[in-house]
Amino acid sequence: MTRLGLCCQFRDQPIKFVTTTATAIGKMKRPDALAKLSRLCMENADALLAALQFCADNGIVCFRVNSQILPIKTHPTCGYAVGDLPEAEKIVRRFKECGKFAKKHNLRTCFHPDQFVVINSPRADVVLKSLQELDYQAEVAEWIGADVINIHGGGAYGDKPKALADFARNLDRLSSRVRSRLTVENDDQTYTPADLLPICKATGIPLVYDVHHHRCNPDGLSVEQATKEALATWDREPMFHISSPIEGWDGPKPQRHHDFIDVEDFPACWQRKKITVEVEAKAKEVAVEKLMAELKTREPH
């Protein structure tokens, strides 16, 4: 049975995740700054537990955790180690409670780092920052039992084969807790499933197949072929992405996401498969619940 996932936040539910800026933190004395960051991290741990409770109550089986769940964690001047925070032990304990809750209710959690995480960048400083960000998210992933940290292939930099080789080479620089969770996703401009599948097969990195991106950035594969090939890269329950274009497929920018999913955009070959499908729609939990209901009516009886 296809399982649907919610991405990062809510439209109507009063569940909010909090953050801050490096500018605000940088103006504070360090002890005060750490106290504030500690409070924000704790609030986010509480919000995550509330989010998981909502998912469990409403048949949503996966929740994507916001990259700023520990605000500005890896900032070069205002960042911090978790142990620096006044309530570090309490914070970690609370996140681990989230992990226990998720396990008890068969919920999946995952991460999708921000666009600045590019492990094949020609700039050494960008790669180093990316590695630091991935390791931070893997630290939280360990606490909560998340099994996916999903990134894009990065740029082509005028030489796609070299860029892909750089991606593969830099996998060796990842910590084991990142490497064991890392997945790669086709995007809507640069890397198609056909580009990424060889590297997935060679390195053991699973492909998160985004069918919307594939429709925007096609290759020689059909949706059915890409689905079959992507499924074969996984050693655990596969994860795919779905979204619909806000102005339709004939609109000027089909890459832009709609508030909801058009059920006709959901591949028929995905239904009844044991996969997690993250719903990338601006109406968030409302969109997930709507799609869930529509898929039930579309199922063959």
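None of these values were measured; they are calculated from a predicted model. Along the sequence shown, the residues carry numbers beginning at 1.
Side chain of S38 to main chain of E87: a donor-acceptor pair is present (N/O by atom type, distance under 3.5 Å, no hydrogens or angles). Not one N or O on the side chain of D187 forms a donor-acceptor pair closer than 3.5 Å with the backbone of H213. Remark: the backbone N or O of K16 is not paired with any side-chain donor or acceptor of Q9 at under 3.5 angstrom. A donor-acceptor distance shorter than 3.5 angstrom exists from the side chain of D219 to the backbone of L221, with no hydrogens or angles considered. Checking side-chain atoms of Q68 against main-chain N and O of I72 turns up a donor-acceptor pair under 3.5 Å. K282 places no side-chain N or O within 3.5 Å of a backbone atom of R11 that could act as its donor or acceptor partner. Checking side-chain atoms of N44 against main-chain N and O of I69 turns up a donor-acceptor pair under 3.5 Å.
Atom CD of E278 and atom CE of M239 lie 4.5 Å apart (nearest 0.5 Å). Atom CG of residue L196 and atom CG of residue L164 lie 6.5 Å apart, to the nearest 0.5 angstrom. Note that CD1 of I149 is 10.0 Å distant from CD of E133, once rounded to the nearest 0.5 Å. With rounding to the nearest 0.5 angstrom, the CZ atom of R3 is 7.0 Å from the CZ atom of R108. For the atom pair CD1 of I205 and CH2 of W234, the computed distance is 10.0 Å after rounding to the nearest 0.5 Å.
Using a cut-off of 4.0 Å between Lys/Arg side-chain N and Asp/Glu carboxylate O, E97 and R93 are scored as not salt-bridged. Salt-bridge check for R64 with E280: passed, with a basic side-chain N closer than 4.0 Å to an acidic carboxylate O. Ion pair D125/K129 not flagged as a salt bridge, since none of the NZ, NE, NH1 or NH2 atoms sits closer than 4.0 Å to an Asp/Glu carboxylate oxygen. Ionic pairing of K253 and E247 is not present here: no N-O contact between side-chain nitrogen and carboxylate oxygen is shorter than 4.0 angstrom.
Contact of the R179 side chain with the T203 side chain is registered, since non-hydrogen atoms from C-beta on lie closer than 4.5 Å. Between L197 and L207 the shortest side-chain heavy-atom distance falls below 4.5 Å. At a threshold of 4.5 Å between non-hydrogen side-chain atoms, the residues L131 and N170 do not count as touching. Contact of the H212 side chain with the D210 side chain is registered, since non-hydrogen atoms from C-beta on lie closer than 4.5 Å. Using a 4.5 Å cut-off on side-chain heavy atoms (C-beta onward), F101 and L107 make contact. By the 4.5 Å heavy-atom criterion applied to side chains, R177 and D135 are counted as neighbours. The shortest side-chain heavy-atom distance between P238 and K273 does not fall under the 4.5 Å cut-off. Contact of the L4 side chain with the L295 side chain is registered, since non-hydrogen atoms from C-beta on lie closer than 4.5 Å.
What you find for T2 and R272 is that their closest heavy atoms are OG1-N, 3.4 Å. Taking each heavy atom of C62 and C55 in turn, the nearest pair found is O-SG, 4.4 Å. The heavy-atom pair separating L6 from E285 by the smallest distance is CD1-N, 3.4 Å. Residue S243 comes nearest to H257 through the heavy atom pair OG-NE2, 3.3 Å, listed as atom of the first residue, atom of the second, then distance. Closest approach of I144 to C98, counting heavy atoms only: CG2-CB, 4.2 Å. Smallest separation of non-hydrogen atoms from G153 and V184: N-CG2, 3.8 Å.
Ring-plane geometry between W270 and F266 is classed as perpendicular, the angle between the planes exceeding 60 degrees on a 0 to 90 degree scale with a lower cut at 30. In this structure, F95 and W143 have tilted ring planes: the angle between them lies in the 30° to 60° band.
For K201, the NZ atom counts as densely surrounded, since its 6.0 Å shell holds more than 12 non-hydrogen atoms of other residues, nucleotides or ligands. When the shell of 6.0 Å around NZ of K160 is examined, it contains more than 12 heavy atoms from other residues, nucleotides or ligands. When the shell of 6.0 Å around CG of D250 is examined, it contains 12 or fewer heavy atoms from other residues, nucleotides or ligands.
Looking only at atom types and distance, the side chain of H112 has a donor-acceptor partner in the side chain of E185 under 3.5 Å away. Using modelled atom types and a 3.5 Å distance limit, the side chains of N150 and T183 yield a donor-acceptor pair.
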(request) Show your reasoning for whether side chain to side chain contact (heavy atoms under 4.5 Å, CB included) applies to I261 and K290. (result) CA-CA 8 Å; I261 305 298; K290 180 174 181 286; over 6 Å; no

(message) The test is side chain to side chain contact (heavy atoms under 4.5 Å, CB included); show your working for V288 and N58 and say whether it passes.
(response) CA-CA 10 Å; V288 179; N58 291 275; over 6 Å; no

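Ring to ring, H214 and Y209 are close: their centroids are under 6.0 angstrom apart.
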